[in-house]
Amino acid sequence: MTRPDPLMAPRPRRADAARSVQSLLAAAKRLFDEHGPDVALDEVARRAGVGNATLYRHFPTRQDLIVAVYADEVTLLCEQGADLLESESATDALFTWLDSFVVHVAAKRALALAGTADSAQRRTTLFDHWHTAMRSTAQELLTRAQRSGAVDTDLTVDDMLALTNAAALAGSSADHARQLLRLQWRGFAGARALP
């Protein structure tokens, strides 16, 4: 059976099917947050208020559901970044997004790995797609903050994301990762600013 490519634009769905998909994604996100990606799929369907057949019609495998949930998380993170580009303070916008990013990495790493565990090629393709989207968002926010004079112009987006990712992985919890990020921020912004 050929699986749907999560990088391709989905076909338009009927309104009831779209509602079912949104209910399934919301329920799966909550359950994955509470219990991890190994939660019973029957529970996802029950929590979404749909039958198992509906779940499997839209997400034939556990990995398809996990990838869809994780892709939604990446989309929300990138949309937040786009919204923050309109905020008054470039420094606050960058730090707010990095704060969300560090929590995302700390809390969603297992989900990303579980959703891409079946093949190295699929993992590479998906991770490249997700990384490119988040890197692009980070670059726009960083460039804006550097142009405002609030962030050191020697800081590259790759270094910033590597350090933020390191804080997420080193932290014992999402809150600890956020604290590590605040400490790093002093280095990003120098003495110029600390939100």
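- When every heavy atom of L25 is checked against every heavy atom of F59, the shortest pair comes out as CD2-CZ, 3.8 Å.
- Looking only at side-chain heavy atoms (C-beta outward), T54 and H58 come within less than 4.5 Å of each other.
- Minimum heavy-atom separation, T164 to V102: O-CG2, 3.5 Å.
- If you check the side chains of T132 and R135, you find no donor sitting under 3.5 Å from an acceptor.
- Taking all atoms of both residues into account, the shortest heavy-atom contact from W97 to L77 is NE1-O, 2.9 Å.
- Following chains of ILVMFWY side-chain contacts shorter than 4.5 Å, one cannot reach V21 starting from L76, and the two form parts of different hydrophobic clusters.
- Nearest heavy-atom pair across L142 and L155 is CD2-O, 3.7 Å.
- Separation of atoms CD (Q139) and CE (M134) is listed at 15.0 Å; rounding is to 0.5 Å.
- Note that CD of E43 is 10.5 Å distant from CG of N52, once rounded to the nearest 0.5 Å.
- Looking at every heavy atom in both residues, S87 comes nearest to A93 through OG-CB, 3.2 Å.
- Salt-bridge formation is not detected for the pair D99/R182: no Lys NZ or Arg NE/NH1/NH2 atom is positioned less than 4.0 Å from an Asp or Glu carboxylate oxygen.
- Without hydrogens or angle criteria, R147 side chain to A90 main chain gives no donor-acceptor distance under 3.5 Å.
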Open item on the list: Test side chain to side chain contact (heavy atoms under 4.5 Å, CB included) on W185 and L163; report intermediate values, then the result.
Closed with: CA-CA 10 Å; W185 185 255; L163 289 166; over 6 Å; no
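- Separation of atoms CZ (R47) and OG (S23) is listed at 13.0 Å; rounding is to 0.5 Å.
- With rounding to the nearest 0.5 Å, the separation of CG in L141 from CG in L98 is 8.0 Å.
- Judged by distance alone, with hydrogens and angles left aside, the side-chain atoms of S136 form no donor-acceptor pair with the main-chain N or O of A133 at under 3.5 Å.
- If you check the side chains of T75 and E79, you find no donor sitting under 3.5 Å from an acceptor.
- If you chain together hydrophobic residues whose side chains sit under 4.5 Å apart, L180 and L161 never meet in one group.
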- [ ] Could you check E34 against V39 for side chain to side chain contact (heavy atoms under 4.5 Å, CB included), going step by step and ending with a plain yes or no?
- [x] CA-CA 9 Å; E34 294 169 14; V39 69; over 6 Å; no
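- Ring planes of H104 and Y70: tilted class, angle from 30 to 60°.
- Here the shortest heavy-atom pairing between R62 and P37 reads NH1-O, 2.9 Å.
- Residues forming a side-chain contact (heavy atoms from CB on, under 4.5 Å) with N165 (at least two apart in sequence, or on another chain): V105, L169.
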- [ ] Apply the test side chain to side chain contact (heavy atoms under 4.5 Å, CB included) to residues L24 and V44: give CA-CA distance (whole Å), side-chain angles for both, the deciding distance (0.1 Å), then the verdict.
- [x] CA-CA 7 Å; L24 285 163; V44 173; 4.2 Å; yes
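- Using a 4.5 Å heavy-atom cutoff, the side chains of H129 and V74 are not in contact.
- From D152, atom CG reaches atom CG of D154 across 4.5 Å, with rounding to the nearest 0.5 Å.
- Side-chain atoms of R144 do not come within 3.5 Å of backbone N or O of L94 as any donor-acceptor pair.
- Under the 4.5 Å side-chain criterion, counting only non-hydrogen atoms from C-beta, L181 is not in contact with F101.
- Contact check for W130 versus V67: side-chain heavy atoms found under the 4.5 Å cut-off.
- Of the inter-residue distances, the one linking L84 atom CG with T137 atom OG1 reads 10.0 Å to the nearest 0.5 angstrom.
- When atom types are taken as modelled, the side chain of E73 and the backbone of K108 share no donor-acceptor pair closer than 3.5 angstrom.
- The pair D33-K29 meets the salt-bridge criterion, with a side-chain N (NZ, NE, NH1 or NH2) lying under 4.0 Å from an Asp/Glu carboxylate O.
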